[in-house]
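The structure under discussion appears below in the form of structure tokens.
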Amino acid sequence: MNLHSKIQTPITQDHIDFYRENGFVQVDNMLTSEELAELRVYLEEAMQTESDRSLAADQKGGSYYRVLNQKINLWRDHAGMGSYSFHPRFAQSALELSGASGMRFFHDHGLWKMPGDSKATPWHQDTPYWPIQESEAGMMSIWITLDDVNEDNGCMAFVPKSHKLGKLTGIDFLNPQNIFDYIEGGQAEGQKPVIVPLKAGSCTFHNGLTFHYAHANSTDKPRRVLAIIFTPDGVTFDGKEHPVTNGLGLKAGEPIAGPRFPLLVKANV
Ligand code: SIN
Ligand code: NI
């Protein structure tokens, strides 16, 4: 029995087939226009809230800030954000795409690419940064844009099938390695990156193992994105330091669970 048995999603069988084959998928109109307007207000408020959840060690003007102004777990600072970060439509969509038996919330992420001296987000996989034991855990992100995005203001690009390469290495965002060295000879060899412009309120989903990139923002406005990371039920903690798990008393080998990581949806059985 589904936790929310009547959740409607925009996910079709074509989306599912594309996601499983390529490790990412574009889904248009994930938000209604009312939701888009509301989420813009909430996200603006949450990003302005002072808290220690801003990730850029060198805030405002530092070299990391030029890549991303990011803040994690906005839901903890802003109750309105909670209604989006835990939105069953997003989690149910992730569940359907992945085929997992249950999907937990791992964390949310405000990802703003600031105007001015902006830098691209280099090619990377997400999984190497997460404190999890499994190398192919099926963890995944939804990346919802609140602005129209294209190559001028920070749209994403993905290497199709690169999720089949397994967990490689964390890329240094300030001095990135050339990921195409890893792709040579693997299952993604010869795959050309796919650039994904989106309308505001649309989204992509990507597997934590899929190589992705975001263009620099050369416009005069921030590129405002909410990303939510989902983890299939049963994925286990590896004991590494991570801002999302630090201080929670989780032990290496234990499943990611508990009040910070609610099980949002379950598959019908
Ligand atoms: C970005 O929004 O610039 C990057 C997002 C990601 O790495 O998932
Ligand atoms: Ni990423």
Side-chain angles (χ1 to χ4, degrees), residues 19 22-27 30 39 43 46-47 54-56 62-74 85 90 94 97 105-132 137-160 162-163 165 167-174 176-177 179 182 193-219 221-231 242-244:
Y19 178 80
N22 295 296
F24 72 98
V25 69
Q26 170 177 349
V27 181
M30 180 52 85
L39 185 52
L43 193 59
M47 289 298 279
S54 299
L55 278 196
S63 41
Y64 191 85
Y65 190 81
R66 278 181 228 144
V67 179
L68 279 171
N69 169 17
Q70 56 175 321
K71 196 164 177 193
I72 50 170
N73 278 343
L74 299 160
S85 295
F90 308 156
L97 290 169
F105 173 86
F106 187 52
H107 64 90
D108 70 23
H109 230 163
L111 291 170
W112 287 29
K113 217 172 241 306
M114 303 308 278
D117 189 13
S118 165
K119 295 240 180 320
T121 309
W123 287 105
H124 66 280
Q125 296 175 307
D126 293 333
T127 304
Y129 303 100
W130 291 329
I132 50 154
M139 289 176 72
M140 61 195 291
S141 300
I142 182 173
W143 190 93
I144 306 169
T145 184
L146 305 192
D147 298 292
D148 292 354
V149 282
N150 57 35
E151 288 166 76
D152 294 333
N153 69 338
C155 79
M156 291 261 268
F158 302 89
V159 179
S162 51
H163 63 306
L165 295 169
K167 178 165 153 182
L168 297 167
T169 185
I171 302 292
D172 178 346
F173 271 41
L174 299 181
Q177 301 93 301
I179 60 120
Y182 300 111
V194 175
I195 296 169
V196 186
L198 291 173
K199 289 282 182 208
S202 293
C203 71
T204 50
F205 288 85
H206 67 269
N207 185 305
L209 294 171
T210 304
F211 273 105
H212 55 287
Y213 168 96
H215 295 75
N217 180 4
S218 60
T219 70
K221 297 192 181 64
R223 181 223 66 184
R224 299 167 298 176
V225 162
L226 171 65
I228 306 162
I229 289 88
F230 297 108
T231 174
H242 190 279
V244 165

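Atoms within each ligand, like the ligands themselves, are counted from 1 in listed order.
Using bins of under 30°, 30° to 60° and over 60° for the plane-to-plane angle, the ring pair Y129/H124 lands in the perpendicular bin. Between H242 and H107, the two ring planes are tilted [angle within 30° to 60°].
Protein heavy atom at the shortest distance from atom 5 (C) of ligand 1 is W143 NE1, 3.5 Å. Nearest to atom 4 (C) of ligand 1 among the protein's heavy atoms is T121 CG2, 3.7 Å.
The part of L68 lying near ligand 1 is the side chain, judged by heavy-atom distances below 4.0 Å. Residue contacts with ligand 1, taken as heavy atom pairs separated by less than 4.0 Å, involve R223 solely via side-chain atoms from C-beta onward.
The minimum heavy-atom distance between S85 and F105, with the atom names listed, is O-CD1, 3.6 Å.
A donor and an acceptor atom, one from each side chain of N217 and T219, are located under 3.5 Å apart.
Considering R223, K199, K221 as possible partners of D148, the one that fulfils the salt bridge (Lys or Arg N to Asp or Glu O under 4.0 Å) test is K199.
Checked by atom type and distance alone, the side chain of K71 pairs as donor or acceptor with a backbone atom of A46 at under 3.5 Å.
Per-residue contacts place H212 under 4.0 angstrom from the following atoms of ligand 1 (heavy atoms of the residue considered): 6 (C), 7 (O), 8 (O). When each atom of ligand 1 is checked for a heavy atom of K113 under 4.0 Å away, the hits are 3 (O). Taking every heavy atom of A214 and a limit of under 4.0 angstrom, the matching atoms of ligand 1 come to 1 (C), 3 (O). Counting the atoms of ligand 1 from 1 in the order shown, those under 4.0 Å from a heavy atom of H206 are 8 (O).
The aromatic ring centroids of H212 and F24 lie 6.0 Å or more from each other.
The pair D147-R224 meets the salt-bridge criterion, with a side-chain N (NZ, NE, NH1 or NH2) lying under 4.0 Å from an Asp/Glu carboxylate O.
Nearest N, O or S atom of D126 to the Ni ion (ligand 2): atom OD1.
Remark: distances from the non-hydrogen atoms of L111 to ligand 1 include one below 4.0 Å.
Here H206 fails the criterion, with no N, O or S atom under 2.8 Å of the Ni ion (ligand 2).
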